[in-house]
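One structure coming up, written as structure tokens, with questions to follow.
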Amino acid sequence: MISSSLLRALLTSAALVTSVLLAGCDTDQVSLATNAKANQPVPAKLLAAMTEKDMDLQSPILIRLFKQEAELEVWKQTRSGQFALLKTYPICRWSGDLGPKVREGDRQAPEGFYSINPSQMNPQSAYYLSFNTGYPNAFDRALGRSGSQLMVHGDCSSRGCYAMTDEQIAEIYSLGRESFFGGQKAFQFQAYPFRMTPVNMAKHRNNPNMAFWKMIKEGNDHFEVTRQEPKVDFCEKKYVFDAAKAPDAKRDPVFDASAKCPAYVIPEDIANAVREKQEKDEAEYAKLVAKGTPVARMNTGIDGGMNKVFAAKIPEGSTGLSEGAEGNTLQMLAMSKAPGTIPGTVNPPKPNLEPVAASPQSEPIVAVPAPAANTRVASAAPAEKSEGGGFFSGLARKMGMGSADTTATTSPPPATTASATPPTAASRLKAAVTRFVPGHGTAKDAKDAPKEAVKEAAKPAAAAKPAESPKPADARVAASRPPLKPAVSDSAAAAGAKDAQLAGAAPVMSSNSFDSRFGAVK
């Protein structure tokens, strides 16, 4: 007699094989049905949360991500048909700057609306598990933007991706897998520079990407007022949300990202709700600007960000462009349990000196007006790499404090007077040491920073902090099976978990916790 757990595993495997084949993906992705990592069950705590929120295990999901807050949200459809927040995951690492990805190699993590289907799920990832964001979408291609293999993956290492811990990506992957089992053909992935609040819009009002951010904020507003996945189309090199057939039209509108927009309408109930929200946001924004809300600093030369819960546990860790924490809050985070395992070679955000030196040759990101009224689209011109740099510039590279290929292109700093002296490599190095090295806050420390840097560089190589070793491309290559990671929300298997095990799954193995990695330095 076939047991119920075995029967469920067989049916699950058959369902996934069918969905993968229908998606037209490569035949090697049939391993989704038998890969142990990719078939870890949804943790018991998440199942309990679904029950509490009136969600089915295999109902559709939607993912929202925010760079500045370094958070990834998984939303799931309830039995009422609307989406509700299931869980928020702190992001271990993202790279680049606030703003969209423009070209291959700029280290930018993408921003915008993307669609994830079963063929984009990678069970054989070099970074434990991953899914491809789908960048570039039709909008990106219409602007001539380039890039490939932009992932959400594990291993807490980013070169243009969004990196989670292995335990986190295992949970997120399992939620996506179950939604495909339930019939969802693709789930939406929304990536934002920050939460699209009036406060954040006011702080970044001078950023050259603001026209683009206002455009994707409209999609954010559609989701927030309807709690439904917004329908996304593109025309005239801009986003269009929840477009429908005009009353007098005989067929649905056909959209082309580079062509003129067809005749369409937005359902009146959605349009009215979005307009009301936008009017309220704009009124609050105007008050904040009138009060003199400080403008966020641009052109920082910092590569990406990291959630504070991870930065607090790493020696000399920094949140970079993400929101930080200070004082007692940071101490409490250092003592708390972190959501997953992180490699000892993690590379936290830090200043990159070379792009600053190259700023006179850089070209700014320019907001280009789109054909539609009151809508602008951000585009960017490529920046040239800087050559040379002198002694201190070379020393900074040896110390791992930056390179010419680690930061996304940003607009140059405000112009100075003709008599102003451009910053030298030494002054940049002193500024970096003053900011990021504990105890170097005084004038004396700043004065002595280059000498101390020389002493550090002269130490034996064995004492140097190991640099982050390069990872192979995130290709689907079969490799020896790594140990499974415990779930973030459920470290021990709950009763009945055995019945939920899928085909090819192996028992979840314990791994070194995040805390044990850095316990000696607390």
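Owing to the predicted nature of the structure, the values given are computational and were not obtained by experimental measurement.
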Problem - Nearest heavy-atom neighbours spanning A142 and S258 - result: CB-OG, 3.5 Å
Exercise for the section: May I have the step-by-step check of side chain to side chain contact (heavy atoms under 4.5 Å, CB included) for E171 and M164, ending in yes or no? Expected result: CA-CA 11 Å; E171 269 193 26; M164 318 299 292; over 6 Å; no
Exercise for the section: Say whether, by atom type as modelled, one donor and one acceptor occur between the side chain of Q40 and the main chain of K37 under 3.5 angstrom. Expected result: yes
Handout entry: Donor-acceptor pair, side chain of S95 and main chain of G304, under 3.5 angstrom
Key = no
Handout entry: Between CD1 on residue I91 and CG on residue L65, distance to nearest 0.5 Å
Key = 3.5 Å
Exercise for the section: Could you verify whether a donor N or O on one side chain and an acceptor N or O on the other, from W75 and E229, lie under 3.5 Å apart? Expected result: no
Handout entry: Heavy-atom check, side chain of P90 versus side chain of E69, under 4.5 Å
Key = no
Exercise for the section: Would you check if the side chain of T165 reaches a backbone N or O of P339 as a donor-acceptor pair within less than 3.5 Å? Expected result: yes
Handout entry: Under 3.5 Å donor-acceptor, Q108 side chain and D97 backbone
Key = yes
Fill in the blank from the handout: Checking W213, F139, F255 against Y239 for ring-ring contact (aromatic ring centres under 6.0 Å, His included), the one that qualifies is F139
Practice task
List in chain and number order the residues that pass side chain to side chain donor-acceptor pair (under 3.5 Å) with Y264, two or more places apart in sequence or in another chain; answer none if no residue qualifies.
Solution key: none
Fill in the blank from the handout: Rounded to the nearest 0.5 Å, the CE atom of M55 sits from the CZ atom of F83 at a distance of 9.5 Å
Practice task
Assess the side chains of D155 and S157: does a donor N or O sit below 3.5 Å from an acceptor N or O?
Solution key: no
Exercise for the section: Taking the side chain as every heavy atom from C-beta outward, state whether F66 and T88 have any atom pair closer than 4.5 Å. Expected result: no
Practice task
Using a 4.5 Å cut-off on heavy atoms from C-beta on, say whether the side chain of F212 contacts that of P100.
Solution key: yes
Completion exercise
The single option from R79, Q77, K76 that satisfies side chain to side chain donor-acceptor pair (under 3.5 Å) with D56 is R79
Practice task
Could you walk me through whether F223 and L62 pass the side chain to side chain contact (heavy atoms under 4.5 Å, CB included) test, one step at a time?
Solution key: CA-CA 11 Å; F223 175 75; L62 180 148; 3.9 Å; yes
Fill in the blank from the handout: Of all heavy-atom pairs linking T319 and A311, the shortest is CG2-CB, 3.8 Å
Completion exercise
Between L98 and Q68 the two heavy atoms that sit nearest each other are CD1-OE1, 4.0 Å
Practice task
Report yes or no: does K203 contribute a side-chain atom to a donor-acceptor pair with the main-chain N or O of R205 at less than 3.5 Å?
Solution key: no
Handout entry: side chain to side chain contact (heavy atoms under 4.5 Å, CB included) partner of V152, chosen from L129, I63, L72
Key = L72
Problem - Electrostatic pair R64-E224, nearest N-O below 4.0 angstrom - result: yes
Practice task
Ignoring hydrogens and angles, tell me if any N or O in the side chain of S179 forms a donor-acceptor pair with the backbone of Q184 under 3.5 Å.
Solution key: no
Practice task
With rounding to the nearest 0.5 Å, note down the distance linking CG in N132 to CG in N122.
Solution key: 8.5 Å
Problem - Check: Y89 ring centre within less than 6.0 Å of Y162 ring centre - result: no
Practice task
State, yes or no, whether a side-chain contact exists between R145 and Y135 at a heavy-atom distance under 4.5 Å.
Solution key: yes
Problem - K185 atom NZ: more than 12 heavy-atom contacts under 6.0 Å - result: no
Problem - Check: D54 and S80 side chains under 4.5 Å, non-hydrogen atoms - result: no
Exercise for the section: Work out which heavy atom in P193 is nearest to a heavy atom in I216; give both atom names and the distance. Expected result: CD-CD1, 4.2 Å
Handout entry: Side chain to side chain, H222 and I266, heavy atoms closer than 4.5 Å
Key = yes
Exercise for the section: Using modelled atom types only, decide if a donor and an acceptor are shared between the side chain of S322 and the backbone of K67 within a distance under 3.5 Å. Expected result: yes
Problem - Any donor-acceptor pair under 3.5 Å from N307 side chain to A70 backbone - result: yes
Problem - Check against side chain to side chain contact (heavy atoms under 4.5 Å, CB included), L175 and M50 - result: CA-CA 11 Å; L175 292 170; M50 291 179 201; 3.4 Å; yes
Completion exercise
Shortest non-hydrogen pair, F241 vs M215, comes out as CE1-O, 3.5 Å
Practice task
Walk me through it: do F131 and F187 pass the test ring-ring contact (aromatic ring centres under 6.0 Å, His included)?
Solution key: CA-CA 11 Å; F131 65 82; F187 64 83; 5.6 Å; yes
Problem - Check: G81 main-chain N/O paired with Q228 side-chain donor or acceptor under 3.5 Å - result: yes
Practice task
Would you give the length of the straight line joining atom CE of M201 to atom CG of N207, rounded to the nearest 0.5 angstrom?
Solution key: 10.0 Å
Side-chain donor-acceptor contacts of residues 280-287 below 3.5 Å, not counting sequence neighbours, with atom names and distances?
unit_1 : atom_1 : unit_2 : atom_2 : d
D281   : OD2    : K217   : NZ     : 2.9
D281   : OD2    : K277   : NZ     : 2.7

Exercise for the section: Output, in order, the C-alpha distance, side-chain angles, deciding distance and verdict of side chain to side chain contact (heavy atoms under 4.5 Å, CB included) for I172 and K87. Expected result: CA-CA 10 Å; I172 297 167; K87 185 171 180 178; over 6 Å; no
Practice task
Please tell me if the side chains of C261 and K238 come closer than 4.5 Å, counting only heavy atoms from C-beta onward.
Solution key: yes
Practice task
Evaluate the ring planes of F113 and Y192, with Trp represented by its six-membered ring, and classify them as parallel (under 30°), tilted (30 to 60°) or perpendicular (over 60°).
Solution key: perpendicular
Handout entry: Separation of N220 CG from K214 NZ (nearest 0.5 Å)
Key = 15.0 Å
Problem - Check: R195 main-chain N/O paired with N200 side-chain donor or acceptor under 3.5 Å - result: yes
Completion exercise
Scanning both residues in full, the closest heavy-atom pair of M151 with T133 reads C-CG2, 4.2 Å
